[in-house]
Amino acid sequence: QVHLVESGGRLVQAGDSLTLSCLASHPTRDKWAMGWFRQAPGKEREFVAAISWAGHTKTFADSVKGRFTISRDNDKNTVHLEMNNLKPEDTAVYYCAAGDSTAVLRQRADYWGQGTQVSVSS
């Protein structure tokens, strides 16, 4: 069982930056790809970003390319989502996720966190 806990979500203004963090309980020998999804009011959960275990492969949804970046620190079992130039349409609950690969994480996750709310005002 992999336990994921997100943090960092809050209310910000359009154009602001915000970094979300996720702490994973899995041991370092488990080489999970990690990623982020989000779910806005009235919409289905959608893929945001993913990163491979070694950090060499990163993939992003088209809506956040050039604005968001993803990183991880395997020594600390953490993954981060740096969000820049936030827009009101970025408002959503953001979920940390773990899966077998970045390709898998574009579709689904094996483990989910509880989510953290990000609200962007105009």
Side-chain angles (χ1 to χ4, degrees):
Q1 179 70 34
V2 177
H3 185 64
L4 306 173
V5 180
E6 307 95 332
S7 63
R10 62 182 178 90
L11 173 65
V12 298
Q13 295 187 43
D16 284 355
S17 296
L18 186 66
T19 297
L20 305 181
S21 298
C22 174
L23 177 63
S25 66
H26 65 268
T28 56
R29 68 176 183 272
D30 292 340
K31 299 181 178 180
W32 296 101
M34 301 291 293
W36 293 88
F37 290 72
R38 67 186 183 186
Q39 188 166 19
K43 296 185 177 181
E44 294 193 347
R45 193 170 299 185
E46 65 176 353
F47 169 79
V48 175
I51 184 170
S52 62
W53 182 86
H56 298 313
T57 300
K58 299 178 181 179
T59 185
F60 301 89
D62 289 341
S63 60
V64 305
K65 285 182 179 178
R67 297 190 298 121
F68 291 12
T69 190
I70 187 169
S71 62
R72 67 189 297 166
D73 185 340
N74 290 339
D75 290 335
K76 297 181 178 179
N77 292 327
T78 56
V79 61
H80 307 279
L81 183 69
E82 182 181 341
M83 305 180 291
N84 301 301
N85 191 26
L86 283 162
K87 304 175 180 180
E89 51 263 44
D90 294 318
T91 294
V93 176
Y94 283 71
Y95 297 89
C96 182
D100 286 340
S101 70
T102 56
V104 167
L105 282 172
R106 292 194 67 94
Q107 308 296 327
R108 63 173 181 84
D110 294 290
Y111 299 96
W112 297 94
Q114 294 297 309
T116 185
Q117 176 71 49
V118 174
S119 298
V120 185
S121 65
S122 59

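Scanning for salt bridge (Lys or Arg N to Asp or Glu O under 4.0 Å) contacts around Asp73 gives an empty result, with sequence neighbours left out. Partners of Lys65 under the salt bridge (Lys or Arg N to Asp or Glu O under 4.0 Å) rule, at least two apart in sequence or in another chain, are Asp62. Remark: Gln13 engages Asp16, Ser121 in a side chain to side chain contact (heavy atoms under 4.5 Å, CB included) (not counting sequence neighbours). Not counting sequence neighbours, Ser52 has no partner by the side-chain hydrogen bond (donor to acceptor under 3.5 Å, both in side chains) test. Shown here are the ring-ring contact (aromatic ring centres under 6.0 Å, His included) partners of Phe37, two or more places apart in sequence or in another chain: Phe47, Trp112. Scored by the salt bridge (Lys or Arg N to Asp or Glu O under 4.0 Å) test, Glu46 finds Arg38 as partners (sequence neighbours excluded). The side chain to side chain contact (heavy atoms under 4.5 Å, CB included) check on Ser119 picks up Leu11, Thr91, Gln117, with sequence neighbours excluded. Residues passing the ring-ring contact (aromatic ring centres under 6.0 Å, His included) test with Tyr111, sequence neighbours excluded: Trp32. For Ser71, there are no side-chain hydrogen bond (donor to acceptor under 3.5 Å, both in side chains) partners at least two apart in sequence or on another chain.
Sorted pairs that involve residues 55-80 and meet ring pair (Phe, Tyr, Trp, His ring centres under 6.0 Å), not counting sequence neighbours, are lacking altogether. Listed by first and then second residue, the salt bridge (charged side-chain N to carboxylate O under 4.0 Å, His left out) pairs that reach into residues 107-122 are Arg108-Asp110, sequence neighbours excluded. Screening residues 5-15 for salt bridge (charged side-chain N to carboxylate O under 4.0 Å, His left out) gives no qualifying pairs among residues at least two apart or on separate chains.
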